Amino acid sequence: MAIRVWISLFLCVFALLGSESYASESEDTQSKEFVVTLDHSNFSDFVGRHKFIVVEFYAPWCGHCKKLVPEYEKAAQILSQNDPPVVLAKVDASEEQNKVLASEFDIKGFPTLKILRYGGSVVQDYKGPREADGIVSYVKKQSGPASAEIKSSKDAEDFIDVNKIIIVGVFPEFSGEKFENFTAVAERLRADYDFGHTSDAKLLPRGDSSVSGPVVRLFKPFDELFVDFQEFDVDALAKLVEEATIPTVTVYNKDPNNHPFVVKFFNSQNAKAMLFVNFNNDLFDSFKSKYHEVAEHYKGNDISFLIGDVEASQGAFQYFGLKEDQTPLIIIQTNDGEKYLKPNVEPDHIASWVKDFKDGKAKPFKKSEPIPEVNSEPVKVLVADNFQDMVFNSGKNVLIEFYAPWCGHCKQLAPILDEVAVSFESDADVMIAKIDATANDIPQGTFEVQGYPTLYFKSASGKLLQHQGGRTKEDIIDFIQENRDKAAEQAPGKDEL
C-alpha cells in the first residue's frame with residue numbers, strides 16, 4: 001500500500017456476447033455501449049476468444065472511475081472501427097460475485113486497467129493515458145507488433161525520443177534465434193518501453209555506427225545516454241534492460257518526463273533514499289554532485305536514490321510528516337516500512353550518514369502527531385507514539401478506526417462511532433479509538449489499510465480481526481460483542497464457581 005499511496009501523493013466496443021444481451025447492429029450507434037461489460041460468469045470465455053483485450057476493473061462509487069467513463073467509452077467506439085477492431089471491456093470489481101476475479105488480477109485500487117493477450121495467458125498493466133485520444137494511441141501501439149522496423153533516418157528520428165527509454169536491436173537479418181529472443185523480450189516489456197529493430201546501425205544516433213549486429217542498443221535520457229548489449233538469452237536480456245533503465249539518481253521535479261522514472265523508483269524492491277532540497281539553493285550543485293557520488297558508490301547494493309525539489313514534493317512531506325524547515329534533508333525508507341531521517345543535512349555529511357544507515361547505526365524515525373494532553377472524548381485519539389500503550393498494552397478490547405480527515409465515508413462514520421463509544425462507556429473492558437492514518441505511522445505488517453475508513457478489532461487477549469461487515473451502530477456493537485474477551489469469562493477458577 002505504501003507504494004500506491006506514495007505515488008498518488010507524488011503525482012494524484014464492437015464485440016457482442018449475444019443478441020439477447022447486447023444491442024443489435026440495427027440500433028442507433030449513439031445508444032450502443034461499445035465497452036463490453038464482463039463479470040465472473042462470462043469473463044474467461046470472452047477473454048479466451050481474443051488475442052488482445054483491455055479490461056478496466058472499477059467500482060461504481062469511485063470518482064476516478066466516473067471520470068474515466070466517457071473517455072473509455074469514446075475510445076472503445078473509435079477502436080471498434082480499427083482494423084482489426086480492438087475490444088475494451090470492464091468489470092465491476094466491487095460486486096461480491098466478481099471479487100475472485102479482482103483478487104486473481106491483484107486489483108488493489110480503482111480504476112485499474114489490464115492488457116490481456118493471447119486469451120488471457122499474458123497479463124500486463126495498462127500504463128497509458130486516461131483520456132480518449134491517448135487511450136486510442138496507446139492501445140493501437142500495444143496491439144500492434146512488439147518491435148517496429150526502422151528503415152530510414154526519418155524512421156529513426158521519429159522513433160527515438162530523447163526523453164524516453166528506447167531499445168533497438170541491430171540484426172543483419174530479421175530471423176534466427178537471437179532475433180526471435182529479442183522479439184520475445186520486446187513482447188514481455190512492451191508495456192514499459194518502446195522497441196525497434198533495424199539492419200543498419202548508421203541510421204541510429206549515438207554509439208558505433210559500423211556494427212552490423214546482432215546487438216541491442218538501449219537509449220536513455222540520463223547517465224551514459226546509451227548502452228549496448230550482446231546478450232540474447234531472454235531472461236538475461238530482460239534483466240539487463242531493467243537494470244539499465246534505473247537512473248543512478250532519479251530526479252523528481254515538475255518535469256513530466258521524469259514521471260516514469262519516479263514510478264520505477266518506487267516500484268523497486270530496494271531501500272529508497274530520498275534527498276529533498278530546494279533546486280534553486282545556492283548549494284544545489286554541490287548537493288547534487290555529492291549525492292551522485294554516494295549513489296554511484298552504493299549502486300547494485302539494494303538501495304536506490306532520488307533527489308526531489310522541495311517545491312514539487314509536498315506530497316512527500318505530507319506522507320512522511322516532514323517540515324520544510326528540516327530541509328535539506330535525507331529520508332530512507334526500507335521495504336518493511338522503517339524510516340530513517342537526517343534533517344538539515346550538509347553536502348559533506350551525506351556519505352557518512354548513508355554509511356551509518358547501511359551499518360545499522362542510524363535510528364528509525366516515526367511520524368506521529370503529539371500525544372493528546374486530554375483524551376476524554378468517548379472515541380479515544382490514537383497517535384503513533386501512544387499506539388502501542390493504548391492498543392497492545394492496555395489489556396482492553398479495542399476497536400480502531402483508521403481514517404483520513406478528507407474522507408467522506410469517514411465523516412459519515414464519525415457520529416456512529418461516537419454512539420458506539422457512548423454505549424460502551426460503562427464497560428471498562430472496551431475502548432473505541434481512532435487514528436489519522438495520514439498523519440501517523442501505523443505498525444507495519446500488522447494492519448492492512450488499503451482505504452478509508454478501515455476498522456480493526458484487537459481483543460483483550462490479542463486476537464486481531466478486520467471488521468468488514470455493516471457500519472450501522474448495531475452492526476459494530478454486535479461485532480464487538482461477538483469477538484470481545486470478557487474478563488469474567490477469562491478469570492481463573494471460573495469452572496469452580
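In this text the structure is predicted, and so the values were computed from the model without any measurement.
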In this structure, NZ of Lys90 is separated from CG of Leu113 (nearest 0.5 Å) by 12.0 Å

How far apart are the closest heavy atoms of Lys99 and Ala93, and which atoms are they?
CG-O, 3.9 Å

I'd like to know if the side chain of Glu131 and the backbone of Gly134 have a donor-acceptor N/O pair within less than 3.5 Å.
yes

Tightest non-hydrogen contact, residues Asn397 and Ala460, listed as OD1-N, 2.9 Å

With a 4.5 Å cut-off on side-chain heavy atoms, are Leu68 and Pro111 touching?
yes

Test ring-ring contact (aromatic ring centres under 6.0 Å, His included), reference His197, set Phe182, Phe174, Phe171, output is Phe174

Report the C-alpha distance between Lys220 and Thr245 in whole Å, list the side-chain angles of each, state the deciding distance to 0.1 Å, and finish with yes or no for side-chain hydrogen bond (donor to acceptor under 3.5 Å, both in side chains).
CA-CA 7 Å; Lys220 52 185 178 177; Thr245 54; over 6 Å; no

Is it true that Asn440 and Asp436 share a donor-acceptor pair across their side chains at a distance under 3.5 Å?
no

Decide if the gap between the ring center of Phe357 and the ring center of Tyr340 is smaller than 6.0 angstrom.
yes

Donor + acceptor pair across side chains of Asp200, Thr198 (<3.5 Å)
no

For residues Phe261 and Phe222, establish whether the separation of their ring centroids is below 6.0 Å.
yes

Quick one: are the ring centres of Phe402 and Tyr452 less than 6.0 Å apart?
no

Evaluate Lys67 against Glu71 for salt bridge (Lys or Arg N to Asp or Glu O under 4.0 Å), listing each step before the verdict.
CA-CA 8 Å; Lys67 184 177 180 180; Glu71 301 296 328; over 6 Å; no

Output, in order, the C-alpha distance, side-chain angles, deciding distance and verdict of salt bridge (Lys or Arg N to Asp or Glu O under 4.0 Å) for Lys239 and Asp235.
CA-CA 6 Å; Lys239 183 179 180 182; Asp235 291 336; over 6 Å; no

Closest heavy-atom contact between Leu329 and Pro343?
CB-CA, 3.8 Å

NZ-CD1 distance between Lys299 and Ile246, expressed to the nearest 0.5 angstrom:
9.0 Å

Answer with yes or no after comparing the ring centroid distance for Tyr58 and Phe110 against a 6.0 Å cut-off, counting only values under it.
no

Check whether any side-chain N or O of Gln314 sits under 3.5 Å from a backbone N or O of Val310 as a donor-acceptor pair, and report yes or no.
yes

Applying side chain to side chain contact (heavy atoms under 4.5 Å, CB included) between Phe195 and each of Ile166, Leu189, Thr183, Val168, report the one that passes.
Leu189

Could you tell me whether a side-chain N or O of Ser137 sits under 3.5 Å from a main-chain N or O of Asp133, the two making a donor and an acceptor?
no

Measure the spacing between NZ of Lys264 and CG of Asn258 and express it to the nearest 0.5 Å.
14.5 Å

Do Phe320 and Leu341 touch side chain to side chain, with heavy atoms closer than 4.5 Å?
no

On a heavy-atom basis, the closest approach of Ala384 and Lys366 is O-NZ, 3.6 Å

Inter-residue atom distance His297.NE2 - Glu293.CD, 0.5 Å rounding
11.0 Å

If you count heavy atoms of other groups shown closer than 6.0 angstrom to NZ of Lys140, is the number above 12?
no

What I want to check is whether the side chains of Arg471 and Gln412 have a donor and an acceptor closer together than 3.5 Å.
no

If every non-hydrogen atom of Arg188 is compared with every non-hydrogen atom of Val234, which pair is closest and at what distance?
NH2-CG1, 3.3 Å

For residues Val420 and Ile480, determine if any side-chain heavy atom of one lies less than 4.5 Å from a side-chain heavy atom of the other.
yes

Check whether Ser394 reaches the backbone of Lys396 with its side chain - one donor and one acceptor, N or O, closer than 3.5 Å.
yes

For the residue pair Glu448 and Gln450, confirm or rule out a side-chain donor-acceptor distance under 3.5 Å.
yes

Check: Asn301 main-chain N/O paired with Lys358 side-chain donor or acceptor under 3.5 Å
yes

State, yes or no, whether a side-chain contact exists between Leu237 and Asp233 at a heavy-atom distance under 4.5 Å.
no

Would you say the ring centers of Tyr138 and Tyr126 fall short of 6.0 Å from each other?
yes

Interatomic distance, NZ@Lys272 vs OG1@Thr250, rounded to 0.5 Å, equals 11.0 Å

Run the numbers on Asp192 and Arg190 for salt bridge (Lys or Arg N to Asp or Glu O under 4.0 Å), then give the verdict.
CA-CA 5 Å; Asp192 298 302; Arg190 64 184 298 167; over 6 Å; no

Set out, in order, the CA-CA distance, both residues' side-chain angles and the distance that settles salt bridge (Lys or Arg N to Asp or Glu O under 4.0 Å) for Asp309 and Lys254, then state yes or no.
CA-CA 8 Å; Asp309 185 10; Lys254 292 185 177 181; over 6 Å; no

Leu322 and Ile331, any side-chain heavy atoms less than 4.5 Å apart
yes

Do Asp485 and Ser459 get their side chains close enough for a donor-acceptor pair, meaning under 3.5 Å?
yes

Can you confirm whether or not the ring centre of Phe305 sits under 6.0 Å from the ring centre of Tyr291?
yes

Is the number of heavy atoms from other residues, nucleotides or ligands within 6.0 Å of CD (Glu377) greater than 12?
no

Expected output: side-chain Asn181 to main-chain Lys178 donor-acceptor under 3.5 Å
no

Tell me if a side-chain donor or acceptor on Arg206 pairs with a main-chain N or O of Leu225 at a distance below 3.5 Å.
yes

Ring-face cation contact, Tyr319 with Lys367, 6.0 Å cut, 45° max
yes

Kindly say whether Ser286 contributes a backbone atom to a donor-acceptor pair with the side chain of Ser289 at under 3.5 angstrom?
no

Working note: Ser313 + Tyr252, criterion side-chain hydrogen bond (donor to acceptor under 3.5 Å, both in side chains); need CA distance, chi angles, decisive distance, verdict.
CA-CA 8 Å; Ser313 305; Tyr252 181 75; 6.0 Å; no

Is the shortest distance from a Lys or Arg side-chain nitrogen in Asp356 or Lys342 to a carboxylate oxygen in the other one below 4.0 Å?
no

Between the main-chain N or O of Ile332 and the side-chain N or O of Glu338, is there a donor-acceptor pair closer than 3.5 Å?
no

Yes or no on ring pair (Phe, Tyr, Trp, His ring centres under 6.0 Å) for Phe279 and Phe284, after CA distance, side-chain angles and deciding distance?
CA-CA 6 Å; Phe279 281 17; Phe284 174 69; 4.5 Å; yes

Okay, side chain of Asn375, backbone of Val381: is any donor-acceptor separation there less than 3.5 Å?
yes

Search all heavy atoms of Ile303 against all heavy atoms of Ala273 and return the closest pair with its distance.
CD1-CB, 4.1 Å

Can you confirm whether His259 sits close enough to Asp255 that some side-chain heavy atom of one is under 4.5 Å from a side-chain heavy atom of the other?
no

Measure the shortest side-chain to side-chain distance between Lys355 and Tyr298 over non-hydrogen atoms and say whether it is less than 4.5 angstrom.
yes

Test item: Phe232 and Glu177 side chains (from C-beta on) under 4.5 Å apart, heavy atoms
no

Checking Phe387, Tyr403, Phe392, Phe447 against Tyr456 for ring-ring contact (aromatic ring centres under 6.0 Å, His included), the one that qualifies is Phe447

